[in-house]
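First comes the structure, then the notes that go with it.
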Amino acid sequence: MTPARHQKRVFSGIQPSGNLTLGNYLGALTRFVDMQNAGIETIYCLVDLHAITVWQDPKELRAATREAAAAFLAAGICPEKSILFNQSQVAAHAELAWIFNCVTRMGWLSRMTQFKDKAGKNRENASVGLFAYPALMAADILVYHATHVPVGDDQKQHLELTRDVAIKFNHDFEVDFFPVIEPVIEGTATRVMSLRDGTKKMSKSDPSDMSRINLTDSADVIQKKLRRARTDSEPIAGCMKDLEYRPEARNLINIFAALSAQDPDSVAQTYEGRQFADFKSDLVDLAVTKLQPISQEMNRLTQDPSEIDRILGHGAEQAAAIAEPILRRTYEIIGLIRSRKGPSRIGG
Ligand code: AQP
């Protein structure tokens, strides 16, 4: 349970590890905007330190970070209502992550399926950062004493680890300091699947660009990708239960439902008995109508990188002002002496 003394505070992040996808948009960004507009305190972060757990070209990383910031803004994140910044500008994330590396157990990290997936067969060659990724994620959240974390379904295991870190820290040092967070995994599109394989998550690092819709895709590209999206030869069934063993069909119906704010069963009912060609043509119209204003706004915003940097810098100052006292108190609890402010700490 979240201790009552912790006020409700939302934190979440997205890696600037490539073009943001429809999965990031439906599973995360739209939820971020909803929480912001519900008047809750919201802190959103481009987690660039997570992105470098696998190789990133420096020039592309900088561009992807600005582009991801533009996606947040274009999707409706407002810097006057939410704190928006990139992780590496607030040193407290990395500092608390080291402490959490010493709280987290090897066994916990060894069980993380994302590490297994991303490291693949060649684990010996994976970075230590990729292995320790969930401890940094716990630090991202707990350095703000965040209580609620909206994410897609794939992050569930990492959030359970964040809870374990908070519980172990509080137990080891006999304090009630870090909140035990609530994952917020809600909506019809908590796991958007690849357009090429309905059993695999849509991911920005999938080698096939045809597997995903990027938020920067033009109307023509969206049309091409959705028309070529894998389906089966059966007509559409009238309810989701009857699509249980048809993952590609389920995925496209779920995407339609999420984009049109409908229940998946009512979408299935509307198209019952029809072939996928008709359905896909309506899905293209819907996706283009919803996504084109976002990509156009992203395009406009990325023309002015200094304005994006200004927004991120301002957000980093606000974020550091919240994180610094929490980090300072963490040091005290552990017994680490900290007698002066860090030289380059923003807002500390
Ligand atoms: N396919 C998805 N469906 C629903 N939600 C998704 N998210 C990601 N993919 C989907 C959610 O987006 C948020 C940010 O995720 P991330 O980019 O930081 O990392 P990820 O989950 O590893 O996403 P990717 O696209 O697969 O990135 P890469 O390829 O770089 O690893 C999270 O809330 C996530 O759940």
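Counting starts at 1 for both ligands and their atoms, following the listed order. What you see is a predicted model; the values in this text were computed from it and never measured.
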Review point. In terms of the angle between their ring planes, are Phe72 and Tyr44 parallel, tilted or perpendicular, with boundaries placed at 30° and 60°?
Key: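 Correct class here is tilted.
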Point to revise | Mutual orientation of the aromatic rings belonging to Phe177 and Phe169 [parallel < 30°, tilted 30-60°, perpendicular > 60°] | key: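 If you compare the ring of Phe177 with that of Phe169, the planes turn out tilted.
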**Study point:** Within residues 19-40 or reaching into it, pairs that qualify as salt bridge (Lys or Arg N to Asp or Glu O under 4.0 Å) - sequence neighbours excluded
**Key:**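 Those involving residues 19-40 are Arg31-Asp34, Arg31-Glu186.
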Review point. Can you list the residues that meet the salt bridge (Lys or Arg N to Asp or Glu O under 4.0 Å) rule with Glu234, with sequence neighbours excluded?
Key: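 Applying salt bridge (Lys or Arg N to Asp or Glu O under 4.0 Å) to Glu234 gives none.
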Review point. With a 4.5 Å heavy-atom cut-off, do Asp140 and Phe11 have their side chains touching?
Key: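 A side-chain contact exists here, since the closest heavy-atom pair is under 4.5 Å.
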Point to revise | Those residues that, when tested against Asp309, pass side-chain contact (heavy atoms from CB on, under 4.5 Å) (two or more places apart) | key: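 Per chain and number, Asp309 pairs via side-chain contact (heavy atoms from CB on, under 4.5 Å) with Arg66.
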Exercise for review: At a heavy-atom distance under 4.0 Å, which protein residues reach ligand 1? Sort them by chain and number, would you?
Suggested key: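 For ligand 1, the residues that come within the 4.0 Å heavy-atom cutoff are Gly13, Ile14, Gln15, Ser17, Gly23, Asn24, Gly27, Ala28, Gln114, Lys118, Val151, Gly152, Asp154, Gln155, Ala189, Thr190, Arg191, Val192, Lys201, Met202, Ser203, Lys204, Ser205.
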